[in-house]
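Owing to the predicted nature of the structure, the values given are computational and were not obtained by experimental measurement. Chain letters run A, B, ... following the sequence lines, proteins first and then strands; every chain starts at 1.
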Amino acid sequence: MQIKSITLYNSAGDKRTIDFKLGQVNIITGDSSRGKSALLEIVDYCLGRTESQIPYGVIQDKVAWYAVLFQINENQVFIAKPKPLENSASQNQVYYDFGTNILIPELAHLEPNSNDDAIKSYLSQLIGISPNQTIVEEGGSRQKFETNIRHAIYYLFQKQSTIANQGILFHRQQENYIPQTIKDTIPYFLGAIQEDRLKLQKELHQARQRLAKALSSLKEAESITKKRVVIGGNLLIEAQQVGLINSNFIAKDASDILDALQSTLEWKATEVILTGNDQFPELQAEVEEIRQEFKQIHEKIIATETFLKKETGFSKEANQQLLRLESIDLFKKDNSNPHQCPFCNSILPESIPSLSAMKESLINLQNNVKNVEVSQPRLIEHIQQLKEQREELRLQIQEKEMAINAAIDEQEAAQQIRDTNAHIARIVGRISLYIETLEFTDENSQIRSDIEQLRKLIASYEEQLDVGEIKAILASILNRIGQQMTEWAKRLKLEHSDSPYRFDLNNLTVIADRPDRPIPMKRMGGGENWLGCHLITLLALHKHFVERNRPVPHFLFLDQPTQIYFPSEGGYLNLQKIPSDGNISSSADMEAVERMFDFLFDVCEELSPHFQIIIMEHANLANNERFQNSLVEKPWTDGKALIPENWVSSQD
Amino acid sequence: MQSWEQRPFEYANLLNPAFCSILLRNAIKSYHTQKKQGMPYPLLFLVLPLVLHGSTRNALPKTTVTKLHIWLQRQPEARVGFGDRTSSLVPYTKEALAFGMQTGIVNICDDGNFTYVNAKLKRILAVSWSKDTEPYSCCKKAEFVGRWLAQAGEVSTIYTMWGICP
């Protein structure tokens with residue numbers, strides 16, 4: 001993502017557009033209070049910042065809408081926001097447009113069609129930020145959150161007050177909570193966290209749940225196995241008591257018990273001998289017959305009811321069609337020429353359905369629905385009859401069963417035998433159930449191998465998700481960045497350039513590792529060193545972002561980097577009026593300024609066309625050809641400024 | 001497009017051109033009221049898929065304060081299957097448009113956009129669509145969709161929001 005252009009609109013609909021070159025250094029020079037610094041705030045505002053930091057005064061008075069055209073690979077996104085309302089510093093309404101070649105629209109066209117939140121997530125997707133979550137070390141009290149495009153802005157802007165500040169390195173680092181946010185999100189931007197980490201975490205969570213489930217079912221099965229031998233022994237004793245097994249039999253081990261128990265399964269009940277006039281079989285047959293009839297009628301009822309339901313369903317469905325077809329009645333006039341195309345008056349190959357054809361469908365459907373409704377009451381009557389029959393049969397069954405009970409009571413002798421049979425049968429039943437549970441042994445081994453697999457799976461996830469691994473990758477990335485910084489520090493001839501420089505993530509500062517002691521940026525002397533530290537860190541980070549194709553916008557705003565080379569504010573401010581470079585305190589400083597610009601040009605060219613630098617500057621190096629070629633516009637002096645002169649003079 | 005007699009009768013009745021053309025006309029009317037200009041041809045094809053698909057219709061926001069882009073960021077599932085639905089409804093939209101022009105309820109402007117013709121339809125009271133019926137809510141939602149699309153930005157941007165091409 002780079003910046004193609006910035007556009008301002010006034011309320012009269014006039015536009016002021018500044019075009020930028022992609023993949024190059026862009027320089028804007030001019031007097032103070034010309035709106036140079038506002039450019040940075042405008043881009044921030046249009047990147048979804050709700051609170052506007054654009055300076056009050058002529059800009060806020062005259063501008064109605066701010067807009068930035070971003071280039072993302074071959075696509076363009078145009079984002080425009082109205083200025084905050086009166087008495088408010090915030091505005092979240094957004095107009096956006098997406099395409100491959102967008103023309104800057106007119107003011108009348110700008111009507112909000114989105115808001116900051118939607119734009120934030122939309123742009124994050126566009127530049128390729130995948131679903132992610134920050135990492136909080138164990139015991140940390142911070143909330144996890146998703147890294148989005150707003151967390152990349154710390155690497156995009158260097159305000160005048162930041163660029164040579166000895167205390168802070170990044171945009172907005174002095175604000176509350178921002179340093180922690182930077183530390184939480186930079187591992188993602190640097191690429192130390194896998195893109196699919198969130199997905200892996202979810203899979204790990206699922207695997208753990210499955211493992212817990214498998215463990216608990218294993219425990220259950222094992223406790224059953226333990227009890228098994230005890231229960232087997234008890235069953236054996238019971239079987240011996242009722243004479244199923246010889247009472248002299250003594251079991252030696254579990255398999256003995258099993259064999260003995262298995263033999264009892266062949267037991268058959270002794271026949272019950274009935275005496276006298278026995279009505280029992282006859283009665284039973286009668287009951288069985290009535291039951292059959294009862295069942296048939298019951299099924300008939302169910303079937304009819306289901307049918308009825310379907311019919312009603314049809315009529316509902318057809319009613320829906322009826323309602324929609326009724327649209328026809330809304331038309332005052334028939335389509336008289338259904339064969340003729342209304343666009344070109346030619347004859348259509350397939351004519352548009354005419355109102356009369358649809359009316360016919362309407363009438364057919366109405367008749368169908370009527371038939372359905374007429375047949376319904378008869379069915380309901382039918383069901384009622386069936387239900388009455390069913391009730392009658394139920395009463396009959398009850399009567400017969402009472403008769404059976406009476407017959408049974410007469411035969412107490414037979415009862416005795418049946419009781420013994422029932423007792424033995426119960427024991428045999430328990431034995432057979434017991435033998436079936438022995439299958440559990442096999443199932444246990446299945447569960448165990450599942451558990452083993454799940455453990456391996458979890459271990460492999462944990463290894464992939466290991467926070468230590470991330471730290472190691474992060475350390476290696478920071479090391480490489482440090483190497484680049486050291487190399488560039490030498491080139492810029494920074495004070496400690498004979499020692500290695502590195503970016504200290506914990507304190508968000510730069511450290512030069514001198515042989516005697518490490519020196520943090522704030523202990524280094526002089527604005528030139530502080531400026532150098534900012535430049536080498538940010539450019540080394542961006543070089544990494546570009547080379548690794550990380551989802552960070554690939555541009556960098558530098559606001560007045562050369563301010564520290566001038567002995568007095570006055571000398572600096574007057575500089576552009578004397579383009580002969582004569583105002584710089586010494587030729588050594590002039591050399592340093594040239595060196596810095598050459599460095600910026602070289603880095604940008606090295607990363608071309610993937611990186612863009614935009615510099616706002618008072619100084620105008622008249623004799624430097626690369627500098628002059630990079631000027632976006634003529635210097636903003638005299639009448640020229642961000643806000644055109646005629647906007648200021650117009651009364652509105 | 002098959003002729004009326006050859007279509008399966010449920011399809012023919014439920015997607016009959018009279019009903020569809022009334023939905024389109026409602027959308028065109030509210031688009032026109034909102035934006036003071038006719039509705040572009042490509043946008044007409046979004047009306048039927050948004051209004052006739054039950055779960056999409058019910059998920060539509062209550063007011064146009066929730067812009068299309070914001071709604072789509074919140075409900076990415078609305079995009080699932082939308083392309084297929086839209087392309088399958090293209091012939092019905094075209095037929096409904098032709099029907100609407102033959103009966104004179106919609107018209108084409110000089111700039112190629114579509115506009116509506118007043119007083120060509122009877123009042124809605126002429127049919128038995130009470131407030132809880134589906135056709136009634138379809139009509140209301142079609143009006144909403146017209147207003148909504150009028151505030152959603154460029155035609156091409158609207159299509160890219162849905163991830164489909166005209």
Where do [X] and [Y] come nearest, in terms of heavy atoms and distance?
X	Y	value
B:Leu14	A:Arg324	O-NH1, 3.1 Å
A:Phe98	B:Thr157	N-OG1, 3.4 Å
A:Ser327	B:Ala18	CB-C, 4.0 Å

*Considering only heavy atoms and a distance below 4.5 Å, find which of B:Thr103, B:Ile105, B:Ile108, B:Leu72 pairs most often with chain A.*
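Among B:Thr103, B:Ile105, B:Ile108, B:Leu72, the one with the most close pairs to chain A is B:Thr103.
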
Counting heavy-atom pairs under 4.5 Å with chain A, the top scorer among B:Ser156, B:Ala98, B:Cys139, B:Cys20 is B:Ala98

| request: Heavy-atom distances under 4.5 Å only: say whether A:Tyr95 touches chain B with side chain, backbone, both or neither. | output: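 Just its side chain gets close to chain B.
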
[X], [atom1] atom: more than 12 neighbouring heavy atoms under 6.0 Å:
X	atom1	result
A:Gln201	CD	yes
A:Lys4	NZ	no
B:Lys94	NZ	no

- Task: Would you indicate whether the side-chain heavy atoms of B:Ile22 and A:Phe331 approach each other to under 4.5 Å?
- Result: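 Side chain of A:Phe331 against side chain of B:Ile22, heavy atoms only: contact under 4.5 Å found.
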
Item to complete: Report yes if the side chains of B:Gln73 and A:Gln125 come closer than 4.5 Å at any heavy-atom pair, otherwise no.
Response: yes

Report task. Heavy-atom distances under 4.5 Å only: say whether B:Ile158 touches chain A with side chain, backbone, both or neither. Result ->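 Neither; nothing under 4.5 Å.
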
Bottom line for B:Thr160: the part with an atom under 4.5 Å from chain A's heavy atoms is side chain

Can you spot which of A:Ile102, A:Asn113, A:Asp97 makes a side-chain contact (heavy atoms from CB on, under 4.5 Å) with B:Glu154?
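With B:Glu154 as partner, A:Ile102, A:Asn113, A:Asp97 yield a single side-chain contact (heavy atoms from CB on, under 4.5 Å), made by A:Asp97.
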
Filtered by a 4.5 Å non-hydrogen cutoff, the part of residues 56-71 of chain B contacting chain A is B:Lys67, B:His69, B:Ile70

ask   = Which distance, rounded to the nearest 0.5 Å, do you find between the CZ of B:Phe19 and the CG of A:Leu323?
value =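 Answer for the CZ-CG pair, B:Phe19 versus A:Leu323, is 9.0 Å.
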
